[in-house]
Amino acid sequence: MPNVLITGAAKRLGAEFAKRFAKDGAHVVVHYNSSATDAEALQKTIREDGGTCEIVQGGLTSRADVEQIFAKARAAVGPISVLINNASTFVNDDIENITEEHFDLNMMVNLKAPLIFADLFAQQPEAFEDRFILNMLDNKMYAMNPDFFSYTLSKMGLALATEMLAMRYDGQPRVCGIAPSITLISGKQTQENFEKSSRVNPLERRVFPKDICDTAMFLWKNRSMNNQVITVDGGQNLFSLPRDVAFYIKEGVEFE
């Protein structure tokens, strides 16, 4: 039975990963920073459904933070065989207004922390039949636009790192990624905007958390998958939008 560490898993997509992996029999470690109430509620839900779940708290602003989180996870369940780098910061900015603080935070949480986790994960002394790292990316990697400037830079770095790590580790561990489109409402987005923008793709359908969880399970269970990034966006990347999809949709205005 695998031990799975999921960063930023108290709510939203991270929580969906936790429930799905726990349902499949994994020992899940839910990492959170400030969402203690959500993490405790998720742990209760998973346990009531017959799964196993531990929670660990910690920030992601330094190597010491990451090392402490990983140590707590190992202390809670033992050797970690699956790492899901899910935690992320996501705030819109532009090249003209990026602050040094915001830029550094994006790079630390979205890029540097996942790399430190990967290093700690790979250096575990135990023998594993299979180990797996999943990096959560963004479909913007395949249809670039300049919105969310520093966020995009950090995710592009993680996308490149996914390939580099797969080369470096040579399958022990395996390293893959998922690059989804808009999946859940976020920030100042209205429900109407979300409903419309989430369907801007050739299939004209939403990408649901279940779709992404299904992809994660496929990548994990298929041991031939290494250095693979799967874009889950209904083909939205084919449109090559010059701006983030949320900015194309205004109240009462359809995408063209």
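Source: prediction; values computed, not measured.
- The backbone N or O of D65 sits nowhere less than 3.5 Å from a side-chain atom of Q68 that would complete a donor-acceptor pair.
- Taking 4.0 Å as the cut-off between side-chain N and carboxylate O, D49 and K19 do not count as a salt-bridged pair.
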TODO: Apply the test side-chain contact (heavy atoms from CB on, under 4.5 Å) to residues H102 and N106: give CA-CA distance (whole Å), side-chain angles for both, the deciding distance (0.1 Å), then the verdict.
DONE: CA-CA 6 Å; H102 187 209; N106 270 292; 3.1 Å; yes
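- Salt-bridge check for E129 with R223: passed, with a basic side-chain N closer than 4.0 Å to an acidic carboxylate O.
- In this structure, D170 places its CG atom where only 12 or fewer heavy-atom neighbours from other residues, nucleotides or ligands lie under 6.0 Å away.
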TODO: Show your working on side-chain contact (heavy atoms from CB on, under 4.5 Å) between L111 and K155 and close with a plain yes or no.
DONE: CA-CA 7 Å; L111 176 57; K155 287 295 185 178; over 6 Å; no
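- At least one donor-acceptor pair closer than 3.5 Å links the side chain of N201 to the backbone N or O of R205.
- By the rule that hydrophobic residues join a cluster once side-chain heavy atoms approach within less than 4.5 Å of another member, V82 and V29 end up as members of separate clusters.
- In the model, T231 has no side-chain atom that pairs as donor or acceptor with a side-chain atom of N139 under 3.5 Å.
- Shown here for Q57 and K72, the closest heavy-atom pair between the two residues is O-NZ, 3.0 Å.
- For E101, the CD atom sits in a loose shell: 12 or fewer heavy atoms of surrounding residues, nucleotides or ligands are nearer than 6.0 Å.
- A continuous path of hydrophobic side-chain contacts links L137 to F117 [ILVMFWY only; heavy atoms under 4.5 Å].
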Open item on the list: Evaluate Y151 against D138 for side chain to side chain donor-acceptor pair (under 3.5 Å), listing each step before the verdict.
Closed with: CA-CA 10 Å; Y151 161 84; D138 193 300; 2.7 Å; yes
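- With respect to P173, the side-chain contact (heavy atoms from CB on, under 4.5 Å) criterion is satisfied by exactly one of I133, N226, D130: I133.
- In this structure, a donor-acceptor pair under 3.5 Å is absent between the side chains of Q124 and R131.
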Open item on the list: Evaluate K44 against E40 for salt bridge (charged side-chain N to carboxylate O under 4.0 Å, His left out), listing each step before the verdict.
Closed with: CA-CA 6 Å; K44 181 180 179 181; E40 291 166 359; over 6 Å; no
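- Atom CD of Q191 sits in a crowded spot, with more than 12 heavy atoms from other residues, nucleotides or ligands closer than 6.0 Å.
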Task: Test side chain to side chain donor-acceptor pair (under 3.5 Å) applied to N110 and S88, step by step - done: CA-CA 5 Å; N110 298 348; S88 180; 3.1 Å; yes
Task: Residues N85, N135; criterion side chain to side chain donor-acceptor pair (under 3.5 Å); working and verdict - done: CA-CA 5 Å; N85 282 313; N135 291 327; 2.9 Å; yes
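- Note that OG of S154 and CZ of F103 are 8.5 Å apart. Values are rounded to the nearest 0.5 Å.
- Inspection of the H31 and T7 side chains reveals no N or O donor paired with an N or O acceptor under 3.5 Å.
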- [ ] Go through the steps to decide whether E16 and I212 satisfy the test side-chain contact (heavy atoms from CB on, under 4.5 Å), and finish with yes or no.
- [x] CA-CA 9 Å; E16 297 301 321; I212 300 174; over 6 Å; no
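- Annotation for R63: atom CZ counts as buried by contact number, over 12 foreign heavy atoms lying within 6.0 Å.
- Applying the 6.0 Å contact sphere to NZ of K11 captures no more than 12 heavy atoms from other residues, nucleotides or ligands.
- Linking Ile, Leu, Val, Met, Phe, Trp and Tyr residues whenever their side-chain heavy atoms come within less than 4.5 Å places L158 and I116 in a single cluster.
- N97 places a side-chain N or O within donor-acceptor distance of the main-chain N or O of D94, the cut-off being under 3.5 Å.
- Salt-bridge formation is detected for the pair K210/D214: a Lys NZ or Arg NE/NH1/NH2 atom is positioned less than 4.0 Å from an Asp or Glu carboxylate oxygen.
- Within 6.0 Å of the CE atom in M144, the count of heavy atoms belonging to other residues, nucleotides or ligands exceeds 12.
- Considering all non-hydrogen atoms of both residues, A113 and V66 come closest at CB-CG2, 3.9 Å.
- In this structure, L165 CG and L160 CG are separated by 9.5 Å, a value rounded to the nearest 0.5 Å.
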